Amino acid sequence: MRALRLHGDRDLRLEEIDAPPPPAEGEVQLRIRAVSLNHIDVWGWRGMAFAQRTLPLAVGAEASGEVVAVGAGVTGWKAGDRAVPYGARTCGHCAACREGRDNFCENVSGVAGFHIDGFARELANVPARLLVRVPDSVPFEEAACATVTFGTVEHMLFDNAQLKPGETILIQAAGSGIGSVAIRVAKALGCTVIATAGDDEKCAKAQALGADHVVNYSEKNFSTVARRVTGKRGVDVVFEHVGATTWAGSLLSLRAGGRLVTCGSTSGVSAETNLMMIFQRQLRIFGSFGCAIRNVGDALGKMSQGILPVLDTVVPLERFTEGLERLESRRVFGKIVVKF
C-alpha cells in the first residue's frame, strides 16, 4: 500500500510498504480517505528536537476513512462505516480516560504522525475505542478536520472558556484552521465576533465567514479596536493561539472578569505578563490542549448541521509536501486537506 513516511528533516517520501495485518482484538481497520494538515505536521517535518520517535514514520495526525474490517470483540462497527480516528494513542485505563478526559491521559504513548505512525497511509489499524462515527451528510474532506481542528475549538470554547450566547469574543488569527472554525461556531451561537488577521485579504474572508469586526493586526492595534467596539468595556472571551506577539494585547482586550483561552504559541513560547492587571481585573486564563473524544462527536454533530470547517485547498496525496510548504508559509485561509 502507499504511505507517506518521514525519513529525516524535510525528507518525506511517498512509498510502497506492506499492508497492515488483519485488525487484532479490539481493533478496526480503516481505509483512509482524507488527511488534514496541521502545524504539528509542519513541526514534525522540520524535525522538532522534543519529538522522540523512530524513523521512518508515517505522517498525518488528523484523518477520516471507512471501515474495511473489524477485529474480535468489536461491536458497533462494520465494513463501510465512516469514521475518524482520535489522534492520540491514549491508554483507556487511567482515571482521566475513564472519566472521558482523554486529553489528560496519564499514559499516552504518542500523537499519530508525530511520535507514532500517523494516518497518511492507505490502511491503518486503530483501537475501536478511539473511533468516532461520521454522519452520512459530512464529506470525508471536512470530517478529516474533526479531531485536531474542530475538536480543539469545541474544547477551547465550551469546556474551558464556556462561551455563552450574546457574548463578545476576540478571535486571533482568523485565517488559521481553528480560527476560521471558531468564527463559524461563535456566530452560530449568537456571539459578536471580532477577528484578527495579518492582511486585508484574510480580513475580508473572515468578514465573509460572519465576523462582525475585523482587524488587520499588521496595521492596527487590535486591543484598541476591541475596546472601542465594546464601549471601552472589553471582550468577554479571547481565543488565543498565536503566542508572544499577541499575548499582551489579548489580555488588554478583556473586560474585568474576562476569560482568555489559549492552545498555541506559534509566534514564540515566552511573553511578558502584567500580573497586576490579571489580579486587579480578575482575569481568567485557560490553557487548552487537544480535545476529548466527546468533543470530536460534538464537532461532527455541528458539521452535520452545516457548520463546516473552511477548506483552503484540497490536494492529492502526491502533493502532500506542497501542502506543508503552503501551511508553513502561512499562505492559507482555513484547512489544507490531502485526499486519497
Side-chain angles (χ1 to χ4, degrees), residues 9-10 36-51 59-62 87-88 103 111-115 118 145 147-157 160-161 169-183 194-199 201-203 205-206 211 214-219 221-223 237-253 260-273 285-291 309-310 312-313 321-337:
D9 294 359
R10 297 182 184 268
S36 173
L37 300 187
N38 295 278
H39 280 289
I40 194 171
D41 297 301
V42 174
W43 297 335
W45 177 54
R46 288 174 178 170
M48 299 297 280
F50 61 83
V59 299
E62 188 175 37
N103 49 333
V111 174
F114 195 61
H115 308 102
C145 306
T147 54
V148 179
T149 307
F150 213 129
T152 293
V153 173
E154 286 287 304
H155 185 52
M156 290 178 73
L157 292 185
N160 290 312
I169 180 171
L170 171 66
I171 297 174
Q172 297 284 18
S176 65
I178 61 172
S180 54
V181 167
I183 291 173
I194 305 168
T196 75
D199 59 53
E201 182 181 358
K202 288 183 179 180
C203 283
K205 290 180 178 179
V214 294
V215 184
N216 182 338
Y217 59 72
S218 66
E219 297 179 353
N221 186 318
F222 62 82
S223 62
V237 173
V238 172
F239 183 92
E240 170 64 65
H241 55 110
V242 176
T245 60
T246 56
W247 183 253
S250 289
L251 291 173
L252 281 170
S253 300
L260 181 150
V261 61
T262 179
C263 75
S265 55
T266 53
S267 68
V269 299
S270 298
E272 289 190 8
T273 302
I285 299 173
F286 298 91
S288 191
F289 183 77
C291 67
V310 178
D312 174 273
T313 311
T321 302
E322 177 185 320
L324 287 175
E325 291 171 345
R326 182 173 173 83
L327 184 59
E328 182 182 36
S329 68
R330 299 176 62 189
R331 295 180 291 110
V332 58
F333 190 94
K335 296 293 296 183
I336 297 174
V337 173

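Only a predicted model underlies this, so the values are computations on that prediction, with no experimental measurement involved.
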Under a 4.5 Å cut-off applied to non-hydrogen side-chain atoms, are [X] and [Y] in contact?
X	Y	value
Leu251	Ile285	yes
Cys263	Ile178	yes
Glu325	Trp45	yes
Asn160	His155	yes

Where [X] and [Y] come nearest, the two heavy atoms and their spacing:
X	Y	value
Gly177	Lys335	CA-CD, 3.6 Å
Ser180	Phe333	CB-CE2, 4.4 Å
Val261	Ala161	CG1-CB, 4.0 Å
Asp199	Lys202	OD1-N, 2.7 Å
Ala61	Ile40	CB-CG2, 4.1 Å
Gly198	Asn216	O-OD1, 3.3 Å

What's the spacing between [X] [atom1] and [Y] [atom2] if we round to 0.5 Å?
X	Y	atom1	atom2	result
Gln172	Trp247	CD	CH2	11.0 Å
Ile169	Leu157	CD1	CG	5.0 Å
Asn38	Ile336	CG	CD1	10.0 Å
His241	Ser288	NE2	OG	12.0 Å

Test side-chain contact (heavy atoms from CB on, under 4.5 Å) on Ser36 and Val148 and set out the steps. CA-CA 9 Å; Ser36 173; Val148 179; over 6 Å; no
In chain order, what residues pass the salt bridge (charged side-chain N to carboxylate O under 4.0 Å, His left out) check against Arg331, with sequence neighbours excluded?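 Arg331 satisfies salt bridge (charged side-chain N to carboxylate O under 4.0 Å, His left out) with no other residue.
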Check salt bridge (charged side-chain N to carboxylate O under 4.0 Å, His left out) between Glu154 and all other residues, then give those that pass, not counting sequence neighbours.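 Testing Glu154 for salt bridge (charged side-chain N to carboxylate O under 4.0 Å, His left out), a comparison that skips the adjacent residues, returns Lys302.
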Please assess Arg326 against Glu322 for the test salt bridge (charged side-chain N to carboxylate O under 4.0 Å, His left out), listing each intermediate value before the final yes or no. CA-CA 6 Å; Arg326 182 173 173 83; Glu322 177 185 320; over 6 Å; no
Name all residues meeting the side chain to side chain contact (heavy atoms under 4.5 Å, CB included) criterion together with Ser253; count only those two or more places apart in sequence or in a different chain, and write none if there are none.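 Ser253: side chain to side chain contact (heavy atoms under 4.5 Å, CB included) contacts with Leu170, Phe222, Ser223, Ala226, Val235, Val238.
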Carefully, step by step, assess Thr246 and Thr196 under the rule side-chain contact (heavy atoms from CB on, under 4.5 Å). CA-CA 10 Å; Thr246 56; Thr196 75; 6.0 Å; no
Heavy-atom donor-acceptor pair, [X] side chain to [Y] backbone, under 3.5 Å:
X	Y	answer
Thr147	Glu62	no
Asn103	Phe289	yes
Ser267	Val242	yes

Is it the case that over 12 heavy atoms from other parts of the model lie below 6.0 angstrom from the CZ atom of Arg330?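 No, not enclosed.
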